[in-house]
Q: 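First the structure, then my questions, so here it is.
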Amino acid sequence: IRSSIAIVSIISSSTLIWMIKRSRSGFTTTYNRILLGMAISDIFMSLGFAHFNFTSPSDGSYYVWNASGNQVTCSVQGFTFILGACSGVLYSCSVNLLSLAVVKYNKPDGYIRSKVEPFLHGVPIAY
């Protein structure tokens, strides 16, 4: 069931990216670019779940249904899940920091775009 939910999540995040791309502002606003990062992070995390146990090592097939992978496929699956999970949480923090800068400190768009946004994307990507 978790693989089916992961596929729905991938479709939903892809739809969100498509909707942002087709919107009037597109990827020109900081908020939309952060949402793009969150959607990509969710796709990576969902790819970690959407494997239907194909990536599990085949030597454990007696306790894992449909195991047909090896240690490398298992490691790649774990890496994509951790990459998406960590960057998704950090992009959520980026949305909060962006809201703090806009609402509380009344920072203009130019300031946010040049001074704040590199950190809002840099930390989730670099981590």
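Side-chain atoms are counted along with the backbone in the values below, which use heavy atoms only and exclude waters and symmetry mates.
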Q: OG1 of Thr15 to CZ of Arg22: how many Å apart, nearest 0.5 Å?
A: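 That separation rounds to 12.5 Å.
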Q: Quick check for you: to the nearest 0.5 Å, what is the distance between Leu47 atom CG and Ile10 atom CD1?
A: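 Reported value, rounded in 0.5 Å steps: 4.0 Å.
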Q: What do the steps show when you test Leu35 against Tyr91 for side chain to side chain contact (heavy atoms under 4.5 Å, CB included), and what is the final call?
A: CA-CA 8 Å; Leu35 281 181; Tyr91 265 116; over 6 Å; no
Q: From Thr30 OG1 over to Arg33 CZ, what is the distance, rounded to the nearest 0.5 angstrom?
A: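 The distance works out to 4.5 Å.
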Q: Check this for me: Phe27, atom CZ, are more than 12 non-hydrogen atoms of other residues, nucleotides or ligands nearer than 6.0 Å?
A: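 Correct, the count exceeds 12.
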Q: In Å and rounded to the nearest 0.5 Å, what is the CD1 to OG distance from Ile82 to Ser87?
A: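 With rounding to 0.5 Å, CD1 (Ile82) is 10.5 Å from OG (Ser87).
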Q: Taking atom CZ of Phe81 as the centre, report whether more than 12 heavy atoms of other residues, nucleotides or ligands fall under 6.0 Å from it.
A: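 Atom CZ in Phe81 is packed in, count exceeds 12.
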Q: Side chain of Ser9, backbone of Ile5: donor and acceptor closer than 3.5 Å?
A: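 Not a single qualifying donor-acceptor pair exists.
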Q: Are Leu98 and Val123 connected in a single hydrophobic cluster, I mean Ile/Leu/Val/Met/Phe/Trp/Tyr linked by side-chain heavy atoms less than 4.5 Å apart?
A: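 Hydrophobic grouping puts Val123 apart from Leu98.
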Q: Quick check for you: to the nearest 0.5 Å, what is the distance between Glu117 atom CD and Ser94 atom OG?
A: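 It comes to 9.5 Å.
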Q: With the 4.5 Å side-chain cut-off for hydrophobic clustering, are Val8 and Met38 part of the same group?
A: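 No, Val8 does not connect to Met38 through the hydrophobic network.
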Q: Do Ile40 and Tyr31 belong to the same hydrophobic cluster, where Ile, Leu, Val, Met, Phe, Trp and Tyr are linked whenever their side-chain heavy atoms lie under 4.5 Å apart, directly or via other members?
A: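 Hydrophobic grouping puts Ile40 with Tyr31.
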Q: Got a donor-acceptor contact below 3.5 angstrom from the Ser3 side chain to the Phe49 backbone?
A: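 At least one qualifying donor-acceptor pair exists.
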Q: Do Leu36 and Leu83 share a hydrophobic cluster (ILVMFWY, side-chain heavy atoms under 4.5 Å, transitive)?
A: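 Yes, it is one cluster - the side chains of Leu36 and Leu83 are joined through contacts under 4.5 Å.
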Q: Starting from Phe44, can I reach Phe79 by hopping between I/L/V/M/F/W/Y residues whose side chains sit under 4.5 Å apart?
A: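 Linked, Phe79 and Phe44 end up in one cluster.
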Q: Quick one: does Leu97's side chain get under 4.5 Å of Val116's, heavy atoms only?
A: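 Heavy-atom side-chain distance check fails, nothing below 4.5 Å.
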Q: Taking Ser92 for the side chain and Gly88 for the main chain, is one N or O donor matched with an acceptor at less than 3.5 Å?
A: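 Here the side-chain-to-backbone pair does not exist.
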Q: Taking all atoms of both residues into account, what is the closest heavy-atom pair of Arg113 and Pro118, and its distance?
A: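 Arg113 and Pro118 have their closest heavy atoms at O-CD, 3.7 Å.
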Q: With rounding to the nearest 0.5 Å, note down the distance linking OG in Ser46 to CD1 in Ile11.
A: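 If I round to the nearest 0.5 Å, the distance is 10.5 Å.
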Q: Quick one, Ile43 and Ile17 - any side-chain contact, counting heavy atoms below 4.5 Å?
A: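 Side-chain contact under 4.5 Å: yes.
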Q: Check whether Thr29 reaches the backbone of Asn32 with its side chain - one donor and one acceptor, N or O, closer than 3.5 Å.
A: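 It does hold such a pair.
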